[in-house]
Amino acid sequence: MSGIYLHIPFCKQACSYCDFYFVTRQEIRKDFVNRICEEIDRYAATRYSEEPVKTIYLGGGTPSLLEVGEIERIFIHIEKVFRLEPEEITMEINPDDVTVDYLKGLRSLGIDRASMGIQSFDADRLIFMNRAHTPDEARFSLEVLSRAGFRIFTTDLIYGNPGQETEELEADIDQLLAFDPPHISAYALTIEPRTRLGKQVELGRLNPADDDLVSDHIDLLNEKLSANGIYRYEVSNYSKPGFEAVHNGSYWRHENYLGFGPSSHSFWWDDEKGASRWKSENNINLYLSEPFEELYMEKENLPMDELGEERLFLGLRTSAGVSLDELHNRYDYQLSARQREWISQKKDEGLLQFDKQIIALTGDGVKIADHLIVELLTRK
Amino acid sequence: MNNIRNFCIIAHIDHGKSTLADRLLEKTGTITEREMQAQVLDDMDLERERGITIKSHAIRMDYKRPNGETYIFNLIDTPGHVDFAYEVSRALKACEGALLIVDAAQGIEAQTISNLYQAIDQNLEIVPVLNKIDLPGADPEGISQQIVDLIGCEPDEILKVSGKTGEGVEELMEAIVERIPGPKREAEKPLRALIFDSIFNTYRGSIAYVRVMEGTLRKGDSIYFMETQIDEYDAEEIGYLKLKKEPTDKLEAGEVGYVIGSVKSLQDARVGDTITHSKNRATEPIPGYKEVKPMVFSGIYPTNAEDFEDLRGALEKLQLNDASLQYQPETSKALGFGFRTGFLGLLHMEIVQERLDREFNMDIITTVPNVKYEVVVSHKGEEFKKLVDNPSEMPDAGKVETVFEPYIKASIITPADYIGPIMKLCQDRRGVYINQLFMQNNRVEIIYELPMAEVVFDFYDKLKSGTRGYASLDYEFIEYRKGDLVRLDILLNGEPVDALSSITHRDKAYEQGRKICGKLKELIPRQQYEVAVQAAIGSRVIARDTIRALKKDVTAKCYGGDITRKRKLIEKQKEGKKRMKQVGSVDIPQEAFLAVLSMDEDDR
């Protein structure tokens with residue numbers, strides 16, 4: 001079973017925090033759709049298309065800038081090349097693009113999970129983030145989801161913003177909960193260097209939120225969401241039981257996936273010795289003009305020990321944790337004596353659980369997951 | 001006819017010594033343009049990058065005069081930094097003349113004056129040269145006057161040259177012939193050859209660069225080193241120092257060349273020593289030999305304990321080529337096994353550290369540099385003297401009777417506008433004002449006596465930044481003086497970290513303690529648990545800060561399918577973690593051990 005990721009690199013404007021690849025020139029949209037269809041066609045009758053496709057994910061950029069007909073064309077090519085056994089087809093949707101008809105159109109294509117780019121309901125905060133939508137549009141988009149037939153959806157929320165009081169976050173959470181979301185992706189704002197916020201921090205015009213405050217935000221989120229039956233299952237992901245994201249989960253579990261579109265990533269197991277990961281050039285002009293072979297860069301061959309280490313740290317970011325049996329059987333990865341010693345020490349400190357060969361971080365542990373992961377990995 | 005001219009060049013960094021030397025090499029046909037690397041004489045990478053000559057070198061040129069006569073020029077290069085003053089004095093001793101090169105735009109600097117006085121003391125003929133006359137900012141008139149005032153020559157004796165365009169270089173070569181006296185050629189006397197430099201070659205051992213003062217050295221002669229009294233080598237190969245070594249059968253009085261005798265280590269062929277014949281020895285060595293003593297000390301530790309032997313090997317190799325580098329093993333509770341390493345000065349220290357990094361790929365932690373103290377300790381009613389070159393070895397306050405610290409005499413030359421800031425800097429550093437001399441062109445020489453400890457780390461940087469780079473500094477050791485000094489300890493979670501101890505003046509201890517604690521708070525990352533940072537004199541805590549516990553350290557995003565990006569972040573953190581030293585349960589980054597050095601200007 002595999003997953004397909006489609007990177008739709010168009011945006012109306014640049015969000016101040018975002019460093020994903022995008023362009024604002026909508027006029028090349030048609031060329032792009034043609035090109036991504038060609039890219040999909042290349043996989044016909046290859047080993048990649050033998051495996052049934054379990055998930056499709058349209059991300060961006062802003063996939064909701066595509067017309068329904070354009071998405072349909074892409075899907076037709078996917079169906080022609082791959083065998084679909086879909087468990088989940090997700091699309092990222094920006095509130096300002098939402099109309100009932102548009103949502104219905106998406107639904108008719110089989111898209112069954114809407115990922116809503118809400119981020120905040122606060123007007124000033126949305127301006128700070130340079131989002132294209134207003135609080136009203138955010139609320140409207142969530143209201144009409146069920147009318148259009150979307151029972152499953154997720155909403156993005158960003159916390160830990162500079163100057164964000166706990167009350168502001170609390171108001172955001174309350175408004176969100178009013179829509180009874182089955183899934184929430186809540187991200188602590190990460191200020192990336194090549195973004196508008198990154199520049200401002202560099203120039204000393206902006207101070208990132210204090211870690212202690214962010215820690216309070218995390219506590220608040222956990223508390224309020226779990227009181228509503230929504231539990232954290234990964235550092236930034238919360239859901240009602242049974243509504244965990246399937247596609248994103250496949251990244252953490254090292255399942256095969258193919259990315260299409262500029263700056264998309266792919267991962268595929270080669271054999272028992274390892275897997276490959278590659279990235280396509282993040283440049284729309286090259287994507288449209290160059291032969292595909294030239295676009296795939298940074299191809300990595302990941303040996304088993306690296307994959308084992310990856311699986312370990314990805315697993316530790318999830319509430320399910322990671323099983324030592326899996327590490328051993330799938331990756332031939334064994335913990336060292338020093339690592340085991342560390343694990344029992346951290347267990348005593350209440351930062352992780354170690355039970356039936358499964359290690360998982362506790363709530364306190366997740367908050368300092370990077371610190372703990374680095375400690376664990378340097379004890380190899 | 002005495003057709004040899006032995007000379008050196010006295011110049012400040014950047015005043016164009018190397019470029020001018022290159023022109024001489026070209027015009028005498030010693031080197032073709034094709035062979036010319038930029039600045040041939042500085043052949044160590046580091047030297048070329050820093051634009052300074054660290055060690056002296058020599059080269060022989062054949063100069064054909066316009067009238068057809070041929071002369072031999074031996075240019076002996078001199079290092080241009082105060083750390084290497086002794087090497088300079090030996091290079092000067094090997095010469096009869098010196099070219100005083102002064103940048104026509106910048107004028108004379110302190111280091112130049114100090115070397116110039118040495119040259120005059122040794123009766124060298126000074127040929128003043130104004131360089132870079134092609135530069136738009138050149139002030140030949142004003143700077144010439146400076147030179148006239150300094151050496152008492154006539155203005156028309158000053159040659160005007162551009163190393164860059166080659167203008168005036170022919171005249172300069174004629175002046176070398178006409179003005180600099182040829183060496184005495186007393187080839188019949190017992191042999192005395194001065195070692196003015198030596199380098200180490202893995203295959204051939206020490207190669208001594210010598211000036212034969214008297215007598216004749218022949219290939220195969222048994223030789224005797226008069227200062228070290230070593231009598232076990234033969235002059236297996238001797239020769240001239242052209243671009244490549246050119247073997248010959250004999251070196252006579254007045255000549256400059258090299259001697260190879262399978263000499264095992266540089267310790268056996270020391271700069272300043274005199275070579276004579278094993279039999280028929282000269283009665284006296286050439287005066288002025290000194291055993292070079294390090295002035296600045298610092299601990300060097302491998303970041304990974306298992307690299308200790310590699311570090312020892314690297315230091316051994318470095319020492320082969322650098323006799324002034326000294327080291328001995330020491331242990332630190334915080335840093336494990338390492339070496340207490342002695343340097344001539346701060347520049348020398350930086351060079352060694354950089355070479356360890358670049359040439360030997362060593363990942364090291366360096367502790368804050370310090371000077372050597374003389375401590376009078378009283379123990380059970382008895383007093384004895386102890387030398388301390390490591391702050392953690394300073395006995396506890398109760399046992400210390402008196403501490404003596406080295407003082408230097410500093411000469412600072414600066415445009416008069418900066419007298420104020422310089423005096424303030426010197427006063428802040430416990431300096432004793434001696435006097436000031438006004439020079440031409442609105443410049444002043446300021447003399448201070450300063451505790452060397454106050455000069456070793458950032459004094460020069462502060463001096464430069466406070467005068468927009470205009471001031472220059474020269475100094476020499478004068479004596480040990482009594483000082484009210486204390487050992488300032490740093491404790492993390494109540495545990496003293498020996499490698500962070502420093503010796504400071506009592507009046508500055510509180511300030512210093514507060515600043516170091518503050519700096520450590522900034523440099524040590526937050527840990528899983530709170531860390532108390534304290535500064536203490538003996539058992540008395542004088543400053544305290546707290547590194548709060550880590551409450552949040554997790555990257556929110558996993559960057560979609562771009563797991564590689566996340567992995568790279570973790571790899572980077574892993575590297576950072578590995579480079580930290582764990583002391584007790586606290587991870588300390590390397591920079592923290594130099595915290596005192598990185599305190600800001602107004603912090604001190």
Side-chain angles (χ1 to χ4, degrees), chain A residues 3 5 7 19-20 57 59 158-160 185-190 192 210-218 234-236 247-248 250-252 254 257 259 263-267 277 279 298 300 302 306 309-310 313-314 317 346 349 351 361 366-375 377-378 380, chain B residues 302-307 336 363 365 492-493 521-531 545-590 592 600:
Chain A
Y5 175 80
H7 190 79
D19 73 342
F20 284 106
Y57 191 101
I158 297 180
Y159 64 90
S185 291
Y187 297 101
L189 178 73
T190 308
E192 304 288 352
D210 184 75
D211 282 351
D212 291 358
L213 181 80
V214 181
S215 163
D216 292 345
H217 283 189
I218 295 174
E234 196 263 352
V235 168
S236 306
H247 182 86
N248 281 335
S250 72
Y251 296 150
W252 312 329
H254 277 151
Y257 54 88
S263 95
S264 62
H265 296 261
S266 304
F267 174 90
R277 186 179 285 134
K279 175 189 181 183
E298 294 176 28
E300 283 182 287
L302 301 157
E306 262 180 51
E309 196 161 88
E310 259 189 35
F313 79 67
L314 291 168
R317 291 172 59 90
K346 296 297 142 178
E349 292 171 15
L351 294 169
L361 298 185
V366 172
K367 277 203 216 166
I368 55 168
D370 286 4
H371 175 82
L372 294 175
I373 286 166
V374 169
E375 280 204 348
L377 297 184
T378 45
K380 179 70 179 174
Chain B
T303 312
N304 300 311
E306 57 266 35
D307 295 338
D363 202 0
I365 290 177
L492 295 179
N493 281 342
K521 182 183 175 179
E522 204 178 286
L523 290 172
I524 298 177
R526 288 167 83 172
Q527 326 250 323
Q528 202 179 315
Y529 299 103
E530 188 176 284
V531 178
D545 235 312
T546 306
I547 302 166
R548 286 181 299 161
L550 190 62
K551 283 189 79 180
K552 184 243 153 197
D553 181 14
V554 55
T555 317
K557 278 189 282 188
C558 221
Y559 306 105
D562 188 3
I563 306 296
T564 300
R565 180 164 170 189
K566 177 71 189 155
R567 203 187 62 232
K568 281 183 185 157
L569 281 175
I570 288 183
E571 287 302 327
K572 223 171 115 186
Q573 286 173 299
K574 268 166 71 178
E575 279 314 303
K577 167 108 183 154
K578 281 187 196 152
R579 292 169 67 99
M580 287 199 232
K581 271 281 166 184
Q582 208 175 24
V583 178
S585 60
V586 184
D587 284 331
I588 309 179
Q590 286 164 300
D600 290 330

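Each chain gets a letter, A, B and so on, in the order the sequences are listed, and its residues count up from 1.
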Exercise. Between A:Thr378 and B:Lys578, is a side chain to side chain contact (heavy atoms under 4.5 Å, CB included) present by the stated rule, with each step listed?
Worked result: CA-CA 7 Å; A:Thr378 45; B:Lys578 281 187 196 152; 4.3 Å; yes

Problem set entry | Chi angles and distances behind the side chain to side chain contact (heavy atoms under 4.5 Å, CB included) call for A:Glu310, B:Lys566 | CA-CA 9 Å; A:Glu310 259 189 35; B:Lys566 177 71 189 155; over 6 Å; no

For this session: For the pair A:Asp211 and B:Asp553, evaluate side chain to side chain contact (heavy atoms under 4.5 Å, CB included) and give the outcome as yes or no after the intermediate values.
Result: CA-CA 8 Å; A:Asp211 282 351; B:Asp553 181 14; over 6 Å; no

For this session: Begin from the C-alpha positions of A:Arg317 and B:Val554 and carry the test side chain to side chain contact (heavy atoms under 4.5 Å, CB included) through to its verdict.
Result: CA-CA 9 Å; A:Arg317 291 172 59 90; B:Val554 55; 4.0 Å; yes

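Salt-bridge annotation for A:Glu375 and B:Lys574: absent, with no side-chain N of the basic residue lying under 4.0 Å from a carboxylate O of the acidic one. Residues B:Lys552 and A:Asp370 are not paired through a salt bridge, judged by the lack of any N-O separation under 4.0 Å between the basic side chain and the carboxylate. Ion pairing between a basic and an acidic side chain is recognised when a charged N comes within 4.0 Å of a carboxylate O; A:Glu192 and B:Arg565 show such pairing.
Expressed to the nearest 0.5 Å, how far OH of A:Tyr187 lies from OG1 of B:Thr555 amounts to 13.0 Å. One finds the CD atom of A:Glu309 at 8.0 Å from the CD1 atom of B:Ile570 (value rounded to the nearest 0.5 Å). Separation of atoms OG (A:Ser266) and CG (B:Asp562) is listed at 11.0 Å; rounding is to 0.5 Å.
Contact between B:Ala556 and A:Ala188 at its shortest, heavy atoms only, is CB-O, 3.4 Å.
With a threshold of 4.5 angstrom between heavy atoms, A:Leu189 does not approach chain B through any atom at all. Heavy-atom distances place the side chain of A:Lys346, and not its backbone, under 4.5 Å from chain B.
In the displayed structure, B:Arg526 atom CZ is contacted under 6.0 Å by more than 12 heavy atoms of other residues, nucleotides or ligands. Heavy atoms of other residues, nucleotides or ligands lying less than 6.0 angstrom from NZ of A:Lys380 number more than 12.
When A:Ile368, A:Asp212, A:Leu372 are each tested for a side chain to side chain contact (heavy atoms under 4.5 Å, CB included) with B:Leu550, only one passes: A:Ile368.
Side chains of A:Phe267 and B:Ile563 form no contact here, defined as non-hydrogen atoms less than 4.5 Å apart.
For chain A, the option among B:Arg567, B:Gln573, B:Glu571, B:Lys577 with the highest count of heavy-atom pairs below 4.5 Å is B:Arg567. Here A:Lys367 is the residue among A:Lys279, A:Glu300, A:Lys367 with the most heavy-atom pairs under 4.5 Å with chain B.
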